Undergrad: 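The structure is given below, and queries will be raised subsequently.
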Amino acid sequence: MPQSKRRKLEKQSANYLLDVGHDDASPAPQQEPETNTDTGIESDIKNNEKYKIVATKEDMPLNVKKYWKKRYSLFSKFDEGIILTEELWYSVTPEEISIYLSKFIKHCFPDSSVILDLFCGGGGNSVQFAKFFDKVICIDINPVNLKCTEHNTGVYGKNRKKKLELYRCNWSYSTEHYINNNYKNDEDIEEETIKEIETTATVFENLIESKIDIAFASPPWGGPDYSAEEVFDLQKSLYPLSLEELLKGLFKISNNVILFLPRNSDINQIQDATTRLKGPESKVRISNIYLYEGLKGILCFWGDAFTEYERQ
Ligand code: MGP
């Protein structure tokens, strides 16, 4: 993002651009995130059990206990101070997947240098993107997640952490809300919501104007129960936007878009959304992503560099 744009953004959304400097790998706190006196952490987040850092096996709530044994596949440097909340334990991308993804992007698109990590969560992807790319723009609605992303990237080195730009945005409104200011016609909308939309709209506008090589998103799938249904409905169950609405926004930011989606995703919905948004000739590459014990999810790629790639 150019300096002038960045300054404009910082000015307009001072509360949302987090300044959470950790210098390097520091030991994981046992209970509280290191955010007590910090910028922009609302009390509902501060006091919510869900957003407490869970860094030991004893701290882990029952529903996420099974992820403890996977800790080194999530972060090989887990013991060097990785921090995650309950939600992040089950939603963070395992390290080998994000390394594979980064290498695949670089293979298809060697000159790519700026990548967006929308819904960055605990930083599973950003940590590795920061090794392979010059700049990683991290967006999340939850300041604790942003903090975890920044801290965890720092565990892998100061140089990686320096490449992050962190923005707190509420990405749950339609693209029209941000682009066409549709919210202004809604009389019932609350002041707080207007503020959130305005801030996100500023970030969105800057992303559209900047050169973002790759727009990546690993959105929430609704918790560990996502696999209970045989087929995951991407229009109804993806959070906070339907597949099509999410893609609509991402295609405005970059021609090269990647989504990490549930393994039981409805593939027809991916094809339909691609045709509706990009035209009947458009293509999407869908890869099954396996790790050790099985299929972990699917990666969907839009953009010529990816869809024209052929294995040698
Ligand atoms: P899983 O299906 O809960 O675990 O998550 P696993 O190891 O397949 O367990 P099994 O017992 O069902 O075999 C697998 C991976 O999916 C996680 O490591 C995350 O990378 C990803 N994942 C899971 N959830 C619930 C989410 C989510 O809500 N959002 C995102 N982005 N990724 C998720």
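Everything numeric in this text was worked out from a predicted model, so none of it was measured. First listed ligand is number 1; within each ligand, the first listed atom is number 1.
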Undergrad: Any idea which of Tyr239, Trp89, Trp221 brings a heavy atom closest to atom 28 (O) of ligand 1?
TA: Trp221
Undergrad: Consider only side-chain N and O atoms of Thr200 and Asn170, and report whether a donor and an acceptor are under 3.5 Å apart.
TA: no
Undergrad: At less than 4.0 angstrom from any non-hydrogen atom of Tyr90, what atoms of ligand 1 do you find?
TA: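 Within the 4.0 Å cut-off of Tyr90, ligand 1 contributes 17 (C), 19 (C), 22 (N), 23 (C), 24 (N), 25 (C), 26 (C), 33 (C).
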Undergrad: Is the closest heavy atom of Pro94 to ligand 1 under 4.0 Å?
TA: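 In this structure, Pro94 qualifies as a contact of ligand 1 - some heavy atom is under 4.0 Å.
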Undergrad: Considering only the protein, which heavy-atom contact is closest to atom 7 (O) of ligand 1, and what is its distance?
TA: Lys70 NZ, 2.3 Å
Undergrad: Looking only at protein heavy atoms, identify the closest one to atom 20 (O) of ligand 1 and say how far it is in Å.
TA: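 The answer is Val92 O, 2.9 Å.
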Undergrad: At under 4.0 Å between heavy atoms, is it the side chain or the backbone of Pro219 that contacts ligand 1, or both, or neither?
TA: backbone
Undergrad: Report the nearest protein non-hydrogen atom to atom 14 (C) of ligand 1: residue, atom name, distance rounded to 0.1 Å.
TA: Lys296 CD, 4.0 Å
Undergrad: Side chain, backbone, both or neither: which part of Phe119 has a heavy atom under 4.0 Å from ligand 1?
TA: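 Neither; no heavy atom under 4.0 Å.
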Undergrad: Any idea how Phe78 and Trp89 line up, ring-wise: parallel (<30°), tilted (30 to 60°), or perpendicular (>60°)?
TA: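 If you compare the ring of Phe78 with that of Trp89, the planes turn out tilted.
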Undergrad: Taking side chain as C-beta onward, heavy atoms only, is Leu247 less than 4.5 Å from Val257?
TA: yes
Undergrad: Between Pro220 and ligand 1, find which residue part has any heavy-atom pair under 4.0 Å and reply side chain, backbone, both or neither.
TA: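 Looking at Pro220 and ligand 1, just backbone atoms fall under 4.0 Å.
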Undergrad: Who's the nearest protein heavy-atom neighbour of atom 9 (O) of ligand 1, and how far?
TA: Lys66 NZ, 3.2 Å
Undergrad: What class does the angle between the rings of Phe301 and Phe306 fall in, given that below 30° is parallel, 30 to 60° is tilted and above 60° is perpendicular?
TA: tilted
Undergrad: Taking only non-hydrogen atoms of Gly223, do any sit less than 4.0 angstrom from ligand 1?
TA: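 The answer is yes: ligand 1 sits under 4.0 Å from a heavy atom of Gly223.
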Undergrad: For residues 190-214, which residue pairs pass the ring pair (Phe, Tyr, Trp, His ring centres under 6.0 Å) check, not counting sequence neighbours?
TA: Trp171-Phe204, Tyr178-Phe204
Undergrad: In the structure I gave you, are the side-chain heavy atoms of Phe133 and Ser113 within less than 4.5 Å of one another anywhere?
TA: no
Undergrad: Can you name the side chain to side chain contact (heavy atoms under 4.5 Å, CB included) partners of Pro240, sequence neighbours left out?
TA: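 Partners of Pro240 under the side chain to side chain contact (heavy atoms under 4.5 Å, CB included) test: Phe119, Ser172, Pro220.
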Undergrad: Linking I/L/V/M/F/W/Y whenever their side-chain heavy atoms sit closer than 4.5 Å, directly or via other members, would Val64 and Tyr239 fall into one cluster?
TA: no
Undergrad: Would you mind checking which non-hydrogen protein atom is closest to atom 1 (P) of ligand 1, with the distance to 0.1 Å?
TA: Tyr226 OH, 3.6 Å
Undergrad: Output the list of atoms in ligand 1 that are nearer than 4.0 Å to some heavy atom of Ser218, sorted by atom number.
TA: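 This gives 30 (C), 31 (N) as the contact atoms.
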Undergrad: Select one of side chain, backbone, both or neither to describe which atoms of Ile97 lie under 4.0 Å from any atom of ligand 1, heavy atoms only.
TA: neither
Undergrad: Tell me, please: is Tyr67 in heavy-atom contact with ligand 1, that is, under 4.0 Å?
TA: yes
Undergrad: I'd like to know whether the aromatic ring centres of Phe260 and Phe216 sit less than 6.0 Å apart in this structure.
TA: no
Undergrad: Give the ring-plane orientation class for Trp221 versus Tyr226, where under 30° counts as parallel, over 60° as perpendicular and anything between as tilted.
TA: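 Ring orientation, 0 to 90° scale: perpendicular.
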Undergrad: Would you call Leu207 and Ile139 a side-chain contact if the rule is heavy atoms closer than 4.5 Å?
TA: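 Result yes, sub-4.5 Å side-chain heavy-atom pair found.
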Undergrad: What atoms of ligand 1 come within less than 4.0 Å of a heavy atom belonging to Phe260?
TA: 20 (O)
Undergrad: So which heavy atom in the protein is nearest atom 12 (O) of ligand 1, and how far is it from that ligand atom?
TA: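 Protein heavy atom with the smallest distance to atom 12 (O) of ligand 1: Arg263 NH2, 3.1 Å.
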